[in-house]
Colleague: 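Got a structure for you, questions after.
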Amino acid sequence: KAGVTQTPRYLIKTRGQQVTLSCSPISGHRSVSWYQQTPGQGLQFLFEYFSETQRNKGNFPGRFSGRQFSNSRSEMNVSTLELGDSALYLCASSLVLRSTGELFFGEGSRLTVL
Amino acid sequence: TQLLEQSPQFLSIQEGENLTVYCNSSSVFSSLQWYRQEPGEGPVLLVTVVTGGEVKKLKRLTFQFGDARKDSSLHITAAQPGDTGLYLCAGDPAGGTSYGKLTFGQGTILTVHP
């Protein structure tokens, strides 16, 4: 069973540019969440999608956006990049089971903003 | 906002020693997960605890969920260099409706020296 796949794994951008990250969840998983991980803040929730609808959003500015497609694949976009956006962006998928809330993470996309 | 405080932040021990990592909150969680993350990788789920007072064992790792479901601990017996990594606790808020939005602790960086 294939795991969560994130692309690209590494990318370097400059301030002001925009970036799109992609995530393919585990087959059968319909919920996709995105997290930002930095040394200072740890893992912080960005947003969550289920059935192409954003169901939850974290405390990030509007420059951060995302979407989910009918095949459950998801993308997130960051516009007008700032130095502070440098981070590991993690995508996680989960089954729609209320009882456990278990997440299965991808390896992440490491974004460096220069 | 529900917070999870994890301690200690850093732990450096010799092979064969025992250790305990704590995860505390003033909020109740319907479940709590422990993840382990290695550099350049995404977090990998170790265990989920659901019932207050629950104890789960995974080889040399023992996980406990507090009776009030506000805290948890991870105990490692006879640590090995392969246990080195970032340990994260994550809670699923009680009464929530989201399957993907977990609250993460800041993490404990464990280094086990041979």
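Lettering of chains follows the sequences in order, A, B, ..., and the numbering in each one begins at 1. Computed over heavy atoms, backbone and side chain alike; hydrogens, waters and symmetry mates excluded.
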Colleague: What do you reckon, are the aromatic ring centroids of A/F45 and A/F60 less than 6.0 Å apart?
Modeller: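 So the answer is no for these two rings.
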Colleague: Would you please name every residue forming a salt bridge (charged side-chain N to carboxylate O under 4.0 Å, His left out) with B/E38, sequence neighbours left out?
Modeller: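 B/E38 satisfies salt bridge (charged side-chain N to carboxylate O under 4.0 Å, His left out) with B/R36 once adjacent residues are dropped.
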Colleague: Under a 4.5 Å heavy-atom cutoff, which of B/G42, B/P43, B/G91, B/A90 has the most pairs with chain A?
Modeller: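 Highest number of heavy-atom pairs under 4.5 Å: B/P43.
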Colleague: Please say whether more than 12 non-hydrogen atoms of neighbouring residues, nucleotides or ligands are located less than 6.0 Å from CD in B/E5.
Modeller: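 No, the 6.0 Å shell around CD holds no more than 12 heavy atoms from other groups.
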Colleague: Side chain from CB out, backbone as N, CA, C, O: work out which of these in A/Q37 comes under 4.5 Å of a heavy atom of chain B, or both, or neither.
Modeller: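 Just its side chain gets close to chain B.
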Colleague: Taking only residues two or more places apart in sequence, or in another chain, which ones meet A/E82 in a salt bridge (charged side-chain N to carboxylate O under 4.0 Å, His left out)?
Modeller: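 So A/E82 forms a salt bridge (charged side-chain N to carboxylate O under 4.0 Å, His left out) with A/R63.
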Colleague: Against chain B, label A/L43 side chain, backbone, both or neither, depending on which of its atoms sit under 4.5 Å from a heavy atom there.
Modeller: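 Its backbone and side chain both get close to chain B.
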Colleague: Determine, using ring centers only, whether A/F64 and A/F47 are less than 6.0 Å apart.
Modeller: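 Ring-ring flag for A/F47/A/F64: false, centres at least 6.0 Å apart.
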Colleague: Will you find, in the side chains of A/S51 and A/R30, an N or O donor that is under 3.5 Å from an N or O acceptor?
Modeller: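 Yes, A/R30 and A/S51 have a side-chain donor paired with an acceptor closer than 3.5 Å.
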Colleague: Once salt bridge (charged side-chain N to carboxylate O under 4.0 Å, His left out) is applied, do any residues pair with A/K57, and if so which ones, sequence neighbours excluded?
Modeller: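 Applying salt bridge (charged side-chain N to carboxylate O under 4.0 Å, His left out) to A/K57 gives none.
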Colleague: Considering only heavy atoms, give the residues of residues 12-21 of chain A separated from chain B by less than 4.5 Å, sorted numerically, with 'none' for an empty result.
Modeller: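 Contacts with chain B: none.
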